[in-house]
Amino acid sequence: MNSNGVSSSSPVSDQLEAAIVRALELALAAEELPSGLALPSEVTLERPKNRDHGDYATSIALALAKPSGFNPRKIAELLRTYLLADIIIKDSISAIDIAGPGFLNITLANSSQGSIVASILSEGDKYGHGSALAGKKINLEFISANPTGPLHLGHTRWAAVGDALGRVLSAAGAEVTREFYINDRGNQMELFGASLRAAALGLPVPEEGYHGGYITDLANAIKDRSPEYLSLPEADSLDAFRDAGYALQLLDQQRVLENFRTHFDIWFSEKSLYENDFFKHCLERLREQGHVFEDGGATWLRTTDFGDDKDRVMIKSDGAFAYFASDSAYYISKRERGFEICIYMLGADHHGYVNRLKAIAACAGDDPNYNIDVLIGQLVKIMENGEELKLSKRAGTIITLEELVEKVGVDAARYTLIRYPVDTPMVMDVDVLRSRTNENPVYYVQYAHARICAVLRNASDLGITYGADQIHPELLENERERELIGALAEFPRVVAGAAELREPHRIARYAEELAGIYHRFYADCRVLPMGDEPATELHSARATLCSATARVIANSLALLGVTAPEKM
RNA sequence: GUCCCAGUAGCUCAGUGGAUAGAGCAACCGCCUCCUAAGCGGUAGGUCACGGGUUCAACUCCCGUCUGGGACACCA
């Protein structure tokens with residue numbers, strides 16, 4: 001509660017939605033709408049693009065026109081009357097206009113503008129967090145690179161987006177576990193070991209093996225530390241190089257990711273799926289569901305029962321486990337560890353895996369449209385000096401995550417990777433990311449934050465107080481002020497939407513919009529007194545609004561794992 | 001052949017079925033003797049690839065076509 005007597009326990013938009021539902025129910029009960037009219041399960045409230053259309057608008061009257069047989073403007077009239085009489089909401093509304101074919105345009109009262117600012121200040125770094133996904137236990141798997149080399153540009157998009165999605169899901173109330181799946185068994189690991197040993201012996205690396213310069217470095221490091229590996233029998237020597245290389249490479253990946261502010265709760269070993277008869281247990285579970293069969297000496301999962309285009313081998317005719325065996329067991333492991341929703345973030349080159357992963361869930365008796373959620377990310381290109389940097393593993397010209405960070409810094413790299421929807425290819429331009437102009441959105445947003453901090457420092461120097469007791473909403477009547485408050489009020493809905501749609505880029509786009517609105521406010525509304533002007537309540541009110549804006553920008557950036565500097 | 005993604009301003013891209021489709025860059029014109037100009041305002045720029053359909057309402061949903069990119073394994 002605040003001095004204006006308006007509850008701030010839920011966002012005004014939620015209260016409005018609830019009030020519209022109440023209005024519809026009352027109109028129905030009073031038989032002012034045809035009995036038996038099915039009401040929509042949700043009333044959508046939107047922020048009109050055009051500010052002349054109020055703070056919020058709903059098209060519910062238009063949607064109900066057809067089923068009710070009523071003129072939409074008449075329905076809008078009914079709703080307007082009930083809303084203006086609604087005990088809970090009426091004081092939050094200053095006007096409701098009916099426009100066009102039947103839109104309800106709602107303008108908020110000053111008091112509810114004030115309550116928005118008050119809740120931002122009281123909730124602090126929790127403002128924007130909600131309960132849209134409360135109680136959901138989510139496993140978020142991303143990157144999952146082979147431990148046979150450094151993380152490169154392709155992994156970097158997932159590192160940024162996956163981490164941000166984890167933060168967003170948590171903010172929406174979900175219980176999130178971030179997991180990195182380590183492909184630590186199979187042919188690639190053997191090739192890795194063979195490549196390292198060959199490099200250490202000065203022999204040519206196997207044709208299909210690993211080449212880049214890091215292999216030589218790694219091989220030399222192992223050789224220096226454990227020269228005795230070279231005198232072991234060949235099979236043991238290969239194992240020793242493989243295991244040592246794996247351990248070093250994994251540590252390196254972990255170090256690089258922590259430096260990139262991407263944290264994993266669990267590093268899950270593929271090998272562990274085969275320990276303690278776990279795989280056998282998984283196979284039994286799948287068999288019970290009736291989708292396992294034998295053919296040609298191999299053991300298959302009949303994924304075609306659930307929309308896959310062909311059945312998949314789990315155990316090959318030679319007795320070796322196919323990769324699909326691990327995929328299946330891993331999914332079951334996640335579910336048995338209590339995760340209700342398993343999110344997989346995969347590269348576009350793995351899009352063919354979507355159907356088979358969903359089929360695994362279905363074969364295990366789960367709902368493939370709920371328990372498993374596969375996100376496909378498109379590729380990233382990188383430009384520098386106007387040219388695309390060609391990535392070739394063989395030529396050793398891969399750009400690593402670490403190199404990218406050296407070039408542009410963690411903030412710019414993370415922000416840029418997150419601000420695009422993952423299902424579209426993107427181009428990172430190193431020169432833009434180093435620039436300090438409007439071209440570079442991360443600076444645009446951070447600058448807004450730093451600018452506010454500077455204003456607030458000056459306010460303190462001038463003895464101007466600001467805070468929850470200085471909101472004075474009745475003084476904030478400038479169009480720019482109302483626009484700014486309206487944008488601040490949207491933040492919780494943006495977070496909830498980003499979480500539900502698994503689209504963290506929405507947070508970045510919102511932050512940019514908010515920063516733009518603040519910059520325009522700053523240009524039009526002088527916050528601090530000029531010269532010898534005495535300080536007034538308006539100065540305090542605007543400084544308070546600045547403080548709330550800085551809070552929301554900082555919260556947005558926090559969800560992206562980007563810093564909010566106080567000085568730039 | 002099957003499947004996935006994309007096609008929106010000169011360029012790079014946003015856009016949850018709503019009202020006059022947006023931003024940055026590039027072009028042009030303006031704004032700091034007072035809060036951070038890493039900022040703000042203005043002008044100009046559009047057949048939302050094309051054709052149907054659904055809807056009170058389609059850039060948005062469905063079907064088809066065209067163009068571009070990518071993927072198909074008893075590899076991992």
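Proteins come first, then strands; the chains are lettered A, B, ... in the order of their sequence lines, and each starts at number 1.
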Enquirer: When the P atoms of G22(B) and U16(B) are considered, how many whole Å apart are they?
Expert: 14 Å
Enquirer: Reckon K316(A) has a side-chain N or O less than 4.0 Å from the OP1 or OP2 of A73(B)?
Expert: no
Enquirer: On RNA chain B, check which nucleotide each of R480(A) and H350(A) is closest to and give me the residue with the more 5' one.
Expert: R480(A)
Enquirer: What integer number of Å spans the P atoms of C13(B) and A6(B)?
Expert: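 Between the two P atoms, the distance is 13 Å.
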Enquirer: Quick one: pull up CZ in R493(A) and CD in E17(A) and give me the separation to the nearest 0.5 Å.
Expert: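 Separation between the atoms: 6.0 Å.
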Enquirer: Nearest-nucleotide wise, let me know which of G186(A) and A63(A) is further upstream toward the 5' end of RNA chain B.
Expert: A63(A)
Enquirer: With F192(A), which of N187(A), N146(A), L218(A) fulfils side chain to side chain contact (heavy atoms under 4.5 Å, CB included)?
Expert: L218(A)
Enquirer: Take the angle between the ring planes of Y323(A) and Y181(A) and call it parallel below 30°, perpendicular above 60°, tilted in between.
Expert: perpendicular
Enquirer: Consider the side chain of D423(A), meaning its heavy atoms from C-beta on, and name the nucleotide among A19(B), C34(B), A6(B) that approaches it most closely.
Expert: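 Looking only at heavy atoms from C-beta outward on D423(A), the closest nucleotide is A6(B).
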Enquirer: Should the pair Y330(A) and Y344(A) be assigned to parallel (<30°), tilted (30 to 60°) or perpendicular (>60°) ring geometry?
Expert: perpendicular
Enquirer: Counting just side-chain N and O atoms, does R457(A) come under 4.0 Å of either OP1 or OP2 of U36(B)?
Expert: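 False: R457(A) side-chain N/O out of range (4.0 Å or more) of U36(B) OP1/OP2.
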Enquirer: Does Y522(A) have a side-chain nitrogen or oxygen under 4.0 Å from the phosphate oxygens OP1 or OP2 of G41(B)?
Expert: no
Enquirer: State whether a side-chain donor-acceptor pair under 3.5 Å links T148(A) with Y210(A).
Expert: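 Yes - a donor-acceptor pair under 3.5 Å links their side chains.
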Enquirer: Write out the stems for RNA chain B, ordered by first number and formatted as range with range, counting runs of at least 3 consecutive Watson-Crick or G-U wobble pairs under 3.5 Å.
Expert: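 So the stems come out as B:1-7 with B:66-72, B:10-13 with B:22-25, B:27-31 with B:39-43, B:49-53 with B:61-65.
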Enquirer: So, taking the atom named CD in E503(A) and the one named CG in D423(A), what distance separates them when rounded to the nearest 0.5 Å?
Expert: 7.0 Å
Enquirer: If you check the R526(A) side chain, which of A73(B), C35(B), C56(B) turns out closest?
Expert: C35(B)
Enquirer: For nucleotides 9-17 of chain B, give me every protein contact, N/O to N/O, under 3.5 Å, one pair per line with atom names.
Expert:
residue	atom	partner	partner atom	Å
A14(B)	OP1	T424(A)	OG1	2.9
G15(B)	OP1	H505(A)	NE2	2.7
U16(B)	OP1	R506(A)	NH2	3.4

Enquirer: What interatomic distance, in whole Å, is found between P of C50(B) and the corresponding atom of A23(B)?
Expert: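 Looking at atom P only, A23(B) and C50(B) are 22 Å apart.
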Enquirer: What is the separation between atom CZ on R51(A) and atom C1' on G22(B), rounded to the nearest whole Å?
Expert: 17 Å
Enquirer: Verify the neighbour count for atom NZ of K271(A): are there more than 12 heavy atoms of other residues, nucleotides or ligands below 6.0 Å?
Expert: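 Buried by this count: over 12 neighbours within 6.0 Å.
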Enquirer: In whole Å, what separates the C1' atom of C72(B) from that of U65(B)?
Expert: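 Per the computed distance, 24 Å lies between those C1' atoms.
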Enquirer: Below 4.0 angstrom from OP1 or OP2 of C74(B), is there any side-chain N or O of K310(A)?
Expert: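 Yes, K310(A) has a side-chain N/O under 4.0 Å of OP1/OP2 on C74(B).
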Enquirer: Which nucleotide in the set G18(B), C74(B), C35(B) lies at the smallest distance from any side-chain heavy atom of S59(A)?
Expert: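 Looking only at heavy atoms from C-beta outward on S59(A), the closest nucleotide is G18(B).
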Enquirer: Between the base of C3(B) and the side chain of H351(A), is there a donor-acceptor distance below 3.5 Å?
Expert: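 Indeed there is one.
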Enquirer: How far, in whole Å, is A19(B) from C5(B) if one measures between their P atoms?
Expert: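 C5(B) and A19(B) have their P atoms separated by 26 Å.
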Enquirer: May Y323(A) be described as stacking on the base of C75(B), applying a 5.5 Å centroid limit and a 30° limit on plane angle?
Expert: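 The base of C75(B) is not stacked with Y323(A) (the test needs centres under 5.5 Å and planes under 30°).
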Enquirer: Is C32(B) in the syn range, within 90° of 0, or in the anti range?
Expert: syn
Enquirer: Can F103(A) be called stacked on A19(B) when the rule is centres closer than 5.5 Å and an angle between planes below 30°?
Expert: yes
Enquirer: Take atom C1' in G51(B) and the same atom in G7(B), then report the distance between them in whole Å.
Expert: 16 Å
Enquirer: Starting at CH2 of W300(A) and ending at P of A73(B), how long is that distance when rounded to a whole Å?
Expert: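 Atom-to-atom, W300(A) to A73(B), this comes out as 11 Å.
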Enquirer: Give every pair of a protein N or O atom and an N or O atom of nucleotides 24-29 of chain B that lie under 3.5 Å apart, one pair per line with the distance.
Expert:
none

Enquirer: Reckon K567(A) has a side-chain N or O less than 4.0 Å from the OP1 or OP2 of U36(B)?
Expert: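 No, K567(A) has no side-chain N/O under 4.0 Å of OP1/OP2 on U36(B).
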Enquirer: Looking at every strand, decide which applies to A454(A) at a 4.0 Å heavy-atom threshold: base, sugar-phosphate, or nothing.
Expert: base
Enquirer: Mind calculating the distance between CG (L514(A)) and P (G22(B)) to the nearest angstrom?
Expert: 20 Å
Enquirer: With distance as the sole criterion, is a donor-acceptor pair present between the side chains of D411(A) and Q446(A) under 3.5 Å?
Expert: yes
Enquirer: To the nearest 0.5 Å, tell me how far F293(A) CZ sits from D311(A) CG.
Expert: 4.0 Å
Enquirer: For the side chain of A99(A), counting heavy atoms from C-beta on, which of A19(B), A38(B), C40(B) is nearest?
Expert: A19(B)
Enquirer: Could you measure the distance from the OG1 atom of T299(A) to the CZ atom of R287(A)? Nearest 0.5 Å is fine.
Expert: 6.5 Å
Enquirer: Can you tell me the distance, in whole Å, between the CD atom of Q188(A) and the C1' atom of A73(B)?
Expert: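 Going from Q188(A) (CD) to A73(B) (C1'), I get 14 Å.
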Enquirer: Expressed as a whole number of Å, how far does the C1' atom of C56(B) sit from that of A14(B)?
Expert: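 Nearest-Å result for C56(B) against A14(B) at atom C1': 28 Å.
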Enquirer: Between U20(B), A19(B), C56(B), which nucleotide gets closest to the side-chain atoms of K66(A)?
Expert: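 The answer is C56(B).
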Enquirer: State whether the side chain of R542(A) and the backbone N or O of R526(A) hold a donor-acceptor pair below 3.5 Å, judged by distance alone.
Expert: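 Looks like yes, one N/O pair under 3.5 Å.
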Enquirer: Nearest whole Å is fine: how far is A19(B) C1' from N50(A) CG?
Expert: 8 Å
Enquirer: In whole angstroms, how far is the P atom of C75(B) from the CD atom of E190(A)?
Expert: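 After rounding, the gap between these two atoms is 15 Å.
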Enquirer: Once the angle between the rings of Y510(A) and F491(A) is folded into 0 to 90°, is it parallel (under 30°), tilted (30 to 60°) or perpendicular (over 60°)?
Expert: parallel
Enquirer: Below 4.5 Å, heavy atoms only, C-beta onward: do L560(A) and Y415(A) meet side chain to side chain?
Expert: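 Yes - at least one pair of side-chain heavy atoms lies under 4.5 Å apart.
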Enquirer: Specify the separation, in whole Å, of atom CG of L104(A) and atom P of A19(B).
Expert: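 The answer, rounded to whole Å, is 16 Å.
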Enquirer: Is the phosphate of C35(B), meaning OP1 or OP2, less than 4.0 Å from a side-chain N or O of R451(A)?
Expert: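 Result: no.
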Enquirer: H519(A) has a side chain; which of C35(B), U20(B), C40(B) sits nearest to it?
Expert: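 It is C40(B).
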Enquirer: Has the side chain of D52(A) got a donor or acceptor that lies under 3.5 Å from a partner of the other kind on the base of A19(B)?
Expert: no
Enquirer: Distance check: side-chain N/O of N183(A) vs OP1/OP2 of C75(B), anything under 4.0 Å?
Expert: no
Enquirer: A44(B) and A27(B): how far apart are their C1' atoms, nearest whole angstrom?
Expert: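 Their C1' atoms lie roughly 8 Å apart.
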Enquirer: Salt-bridge test for E384(A) and R434(A): reply yes if a basic N is under 4.0 Å from a carboxylate O, no otherwise.
Expert: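 Salt bridge flag = yes for R434(A) with E384(A).
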Enquirer: Supply the atom-to-atom distance I315(A) CD1 to L283(A) CG, rounded to the nearest 0.5 angstrom.
Expert: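 Here the rounded value is 5.5 Å.
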Enquirer: Using atom CD1 of I376(A) as one end and atom P of C3(B) as the other, report the distance to the nearest whole Å.
Expert: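 After rounding, the reported distance stands at 17 Å.
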